[in-house]
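Data first, discussion second: the structure below is written as structure tokens.
Heavy atoms only: backbone and side chains are in, while hydrogens, waters and symmetry mates are out. Residue numbers start from 1 in every chain, and the chains themselves are labelled A, B, ... in the order their sequence lines are given, proteins ahead of strands.
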There are 2 protein chains.
Amino acid sequence: MSLELTPVQAVACCSPLSREPLSESEAEGIVPLLKALGDPVRLRLMSLVASHEGGEACVCDLNDAFELSQPTISHHLKVLHEAGLLEREKRGVWVYYRARTDALENLAALIGGKSR
Amino acid sequence: MSLELTPVQAVACCSPLSREPLSESEAEGIVPLLKALGDPVRLRLMSLVASHEGGEACVCDLNDAFELSQPTISHHLKVLHEAGLLEREKRGVWVYYRARTDALENLAALIGGKSR
DNA sequence: TGTAAATATTTACATCTGTCGATGTTTAAG
DNA sequence: CTTAAACATCGACAGATGTAAATATTTACA
């Protein structure tokens, strides 16, 4: 098994922001998730996938939702995937992305968790 | 009264990510908050202030927590302040920043909210 | 085998961002 | 009025980031 933490583990590791100061290493584990969501196209992609029926969507649908080139959408999906926010599954010629709701929930708990 | 939305209003405006697709304008209102938190120094600053007693901290304390120049810390605090995540208050020579927990809670609800 | 469609990768480039040194501003104390 | 301390702003620069054109890869199907 790997010694690297998955992003979901990284964000589940710590108590909420308001509870105690985040360590440097904790912060660097969480920041990739926030950076991934900190772009308007990626935030909408995440929302599109997460709110799609079955919690997944085909890239072919996502491309049409933006006036951006196909490589650009592919790039943004890769960022979200590498952050651990989207799962990838290939079926035939099509690729489906699925939202990691557990990652979203852990991140939300970290941000919004009460002080005590 | 201003026609501009405050960041807190911007993030309180929409249903959760997983509920329905975020519009372009909604996304652009929320992204500044995520970008502000998407830097390890700023995330730790936010956590330091939010977890400090009384929910506020003096810049003098924050400077000492990092091996960064004073202008750099000042810059990061400004970003968090302009995103609506920190309030500023000057008392004498000292400046105190206070965490906007309502903004954090709204953002968390947006990210982690259940689909239905 | 050959062709077309869906998606990813590579490369290049303009813009954005984090950082620091130098300097400015504000407040309190002599 | 000076001086010192706390903090902000300015200017500059290296490195990161979003975008698209060109190209590669994978899969289905004739």
Side-chain angles (χ1 to χ4, degrees), chain A residues 7 22 24 27-49 52 56-99, chain B residues 7 22 24 27-28 30-49 52 56-98:
Chain A
L22 225 54
E24 185 171 353
E28 290 186 347
I30 294 157
V31 155
L33 298 194
L34 292 164
K35 274 194 153 116
L37 294 176
D39 174 275
V41 175
R42 287 196 295 267
L43 189 62
R44 290 179 63 201
L45 278 170
M46 193 70 209
S47 180
L48 274 169
V49 174
H52 204 267
E56 70 174 19
C58 173
V59 176
C60 51
D61 298 326
L62 301 174
N63 276 324
D64 299 341
F66 299 86
E67 292 188 345
L68 290 170
S69 70
Q70 175 266 321
T72 296
I73 299 298
S74 186
H75 162 70
H76 285 307
L77 289 169
K78 184 181 184 180
V79 172
L80 288 166
H81 177 241
E82 289 182 340
L85 290 165
L86 289 181
E87 274 178 352
R88 259 188 103 226
E89 189 185 348
K90 190 164 188 177
R91 298 185 209 144
V93 188
W94 296 275
V95 172
Y96 291 80
Y97 283 92
R98 176 179 297 275
Chain B
L22 226 52
E24 185 172 353
E28 290 186 348
I30 294 158
V31 155
L33 298 193
L34 292 164
K35 274 195 154 114
L37 294 177
D39 174 274
V41 175
R42 287 197 294 267
L43 189 62
R44 290 180 64 201
L45 278 170
M46 192 71 209
S47 181
L48 273 169
V49 174
H52 203 267
E56 70 173 20
C58 174
V59 176
C60 52
D61 298 326
L62 301 174
N63 276 324
D64 298 342
F66 300 86
E67 293 189 344
L68 290 170
S69 70
Q70 174 266 319
T72 296
I73 299 298
S74 186
H75 162 70
H76 286 307
L77 289 170
K78 185 181 183 180
V79 172
L80 288 166
H81 174 59
E82 289 181 340
L85 290 166
L86 288 181
E87 275 178 351
R88 256 188 109 230
E89 188 184 349
K90 190 164 186 177
R91 298 185 209 143
V93 188
W94 295 275
V95 172
Y96 292 80
Y97 282 91
R98 176 180 296 274

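Residue A/Q70 places no side-chain atom within donor-acceptor reach of the base of D/dA20, judged by atom type and a 3.5 Å distance cut-off alone.
Computed from coordinates, the A/L37 CG to D/dT17 P distance equals 15 Å when rounded to whole Å. B/L34 has its CG atom 19 Å from the P atom of C/dC16, to the nearest Å. For B/Y96 and D/dA8, the OH to P distance is 13 Å, given to the nearest whole Å. Atoms NE2 (B/H75) and P (C/dG21) sit 16 Å apart, rounded to a whole Å. Atom CZ of A/F66 is separated from atom P of D/dG18 by 14 Å (rounded to the nearest Å). Between A/N63 atom CG and D/dA20 atom P the separation is 11 Å, expressed in whole Å. If you take CD of A/E89 and C1' of C/dA8, they are 17 Å apart, rounded to a whole angstrom. Computed from coordinates, the B/I73 CD1 to D/dC7 P distance equals 12 Å when rounded to whole Å.
Between the B/H52 side chain and the B/A57 main chain, no donor and acceptor come within less than 3.5 Å of each other. Proximity of a side-chain donor or acceptor of B/R42 to a complementary backbone N or O of B/A36 within less than 3.5 Å is detected.
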Does the pair B/R91 and B/E56 meet the rule for a salt bridge (Lys or Arg N to Asp or Glu O under 4.0 Å), with working shown? CA-CA 13 Å; B/R91 298 185 209 143; B/E56 70 173 20; 2.8 Å; yes
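In terms of heavy-atom proximity, A/M46 sits nearest to A/L85 at CE-O, 3.1 Å. Across B/I30 and B/L22, no two heavy atoms sit closer than the pair CD1-CD2, 4.0 Å. In plain terms, the two heavy atoms of A/K35 and B/G38 that are nearest each other are CG-O, 3.2 Å.
In terms of phosphate contacts, A/K78 brings a side-chain nitrogen or oxygen within less than 4.0 Å of OP1 or OP2 of C/dT9. Of the side-chain N and O atoms in A/T72, none sit less than 4.0 angstrom from OP1 or OP2 of D/dG18. Contact annotation: A/R88 reaches the phosphate of C/dA8 (side-chain N/O to OP1 or OP2, under 4.0 Å). In this model, the phosphate group of D/dT19 is not approached by any side-chain N or O of A/S69 to a distance below 4.0 Å at OP1 or OP2. Using a 4.0 Å cut-off, some side-chain N or O of B/S74 falls inside it from OP1 or OP2 of D/dA8.
When the nucleotides D/dG18, D/dA20, D/dA8 are ranked by their closest atom to the side chain of A/P71, D/dA20 comes out on top. Set against C/dT26, D/dT9, D/dC7, the side chain of B/C60 has D/dC7 as its closest nucleotide. Counting only heavy atoms from C-beta on, A/V95 has its side chain closest to C/dA8 among C/dA8, C/dC20, D/dC7.
Residue contacts for B/H76: at a heavy-atom cut-off of 4.0 Å it reaches the sugar-phosphate backbone alone, with no base atom in range. A/Y97 comes within 4.0 angstrom of sugar-phosphate atoms only, judged by non-hydrogen atoms across all strands, and of no base. Contact annotation for B/R42: backbone-only contact, meaning every heavy-atom pair under 4.0 Å involves sugar-phosphate atoms and none involves a base. Using a 4.0 Å heavy-atom cutoff across all strands shown, B/L68 reaches sugar-phosphate atoms only and no base atom.
The partner of C/dT1 is D/dA30, judged by Watson-Crick or G-U wobble contacts that both fall below 3.5 Å.
Toward the 5' end of DNA chain D, the nearer of the two residues A/K90 and A/V41, judged by each one's closest nucleotide, is A/V41.
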